[in-house]
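Below is one structure, written out as structure tokens; the observations come after it.
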Amino acid sequence: MLLSIVIPCFNEEESLDELYLRLRKVLEENGLNYRLIFVDDGSTDKTIQKLIELRSGDKRVRVLELSRNFGHQAALCAGLDHSGGDAVIMMDADLQHPPELIPELISKWKEGHEIVYTIRKDPPGTSLFKRKTASCFYRLINLLARINIPENSADFRLLDKKVVDEFMRIKERTRFLRGLIRWVGFRQCPVCYEAAPRFAGRSKYTLWRMIRLAFDGITSFSTFPLHLATFFGSFISILGFAYALYALYVRLFTGRALPGWASMVVTVLFLGGIQLLCLGIIGEYIGRIYTESKFRPLYVLRNIYAEYAEAAIKAQAVSMAKAENRSLGGFK
Ligand code: UDP
Ligand code: MG
């Protein structure tokens, strides 16, 4: 049995040595045959040098170097594309996902679950704001998209080879892995773990990135927001009609003129706001259609440090040398 572990890294130079040592200890103690696939997602610190160093000491380490920062989800997909093996585990590089949980993931997999996902108990010190916004997000997406993503599920999971193969057939560019994992089906099973605080450095998910991820999640799994325009439109038409009836009644039966200025301004602003909101929602979806229709690759690789890439470079060098000899020979 071969296990691949995919680890996206964005400016994680300080965590890598510790991560590697802990992973190695757990994997070797459990007698596992493994391969570590680190994806450097355009780091600006010494992450790539550290990774190359790790590979030079251990050929079970593969390193993919992306040409710039493509984001966590794209880095995970790059790792999956180059993984192989009977099962793949994805985990973060900052040691918030404890390597010591791996044997439990594997035992659940051996019991016959094709996806073993994890549920995080927040580490002490997680801000109330982060916890509340995350919980609201899961409630909202589950309500809108009906895919039932468990609250607090993390990007730390084991996938069987079959699931990875299916995953690679998904062509969509905006990837929200937590949703896609539920969508893909198969036998799934949760494992709980206590998340540790970050080993070093700061979280790469700023508030803005979290909002983008939430938008990606909702728009890739639900078209409900698009229907809001119809809903608002109908609701306001009914209100408008009722108000018109009332105005007619006042004019005909009471002889009073309706005082109009304030209500006019409020109505105009309200309608303007709703229209802009609906346009914005439609714009979000059109933006996504635009992105999808360009068919750009999800990520671009600068370098691959792996035996097959090295073999390919060697083969190319040999064939170029041969071709050169031949042409030189022909010339002579
Ligand atoms: N990460 C990445 N690319 C990015 C942002 C993050 O590869 O653009 C990696 C990061 O190095 C880490 C994982 O994704 O291994 C999760 O990021 P982080 O720990 O910052 O997120 P948090 O745990 O705070 O949600
Ligand atoms: Mg983290």
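Order of appearance sets the numbers: ligands from 1, and atoms from 1 within every ligand. Note that the structure is predicted; figures quoted are calculated from it, not measured.
Under the 6.0 Å distance and 45° angle rule, K294 counts as a cation-pi partner of Y290. Cation-pi check for R139 over F137 is not met; the charged atom does not lie both under 6.0 angstrom from the ring centroid and within 45 degrees of its normal.
Of all protein atoms, those of element N, O or S that lie under 2.8 Å from the Mg ion (ligand 2) number 2.
Residues Y117 and F156 keep their aromatic ring centres 6.0 Å or farther apart.
Near ligand 1, P8, C9, F10, E12, D41, N69, G71, H72, D92, A93, D94, Q96, K130, R198, S203, K204, Y205, R209 each place a heavy atom less than 4.0 angstrom from the ligand.
Taking the side-chain contact (heavy atoms from CB on, under 4.5 Å) definition, one finds that A87 meets it with L3, W109, L158, sequence neighbours left out. For E292, the side-chain contact (heavy atoms from CB on, under 4.5 Å) test picks out E172, R173, T174, with sequence neighbours left out.
The heavy-atom pair separating I37 from H82 by the smallest distance is CD1-O, 3.8 Å.
For the side chain to side chain contact (heavy atoms under 4.5 Å, CB included) with Q188, the qualifying choice from V116, V163, I181 is I181, the only one to do so.
Using a 4.0 Å cut-off between a side-chain N of Lys or Arg and a carboxylate O of Asp or Glu, K46 and E14 do not qualify as a salt bridge.
Within a 6.0 Å radius of OH in Y308, other residues, nucleotides and ligands contribute more than 12 heavy atoms.
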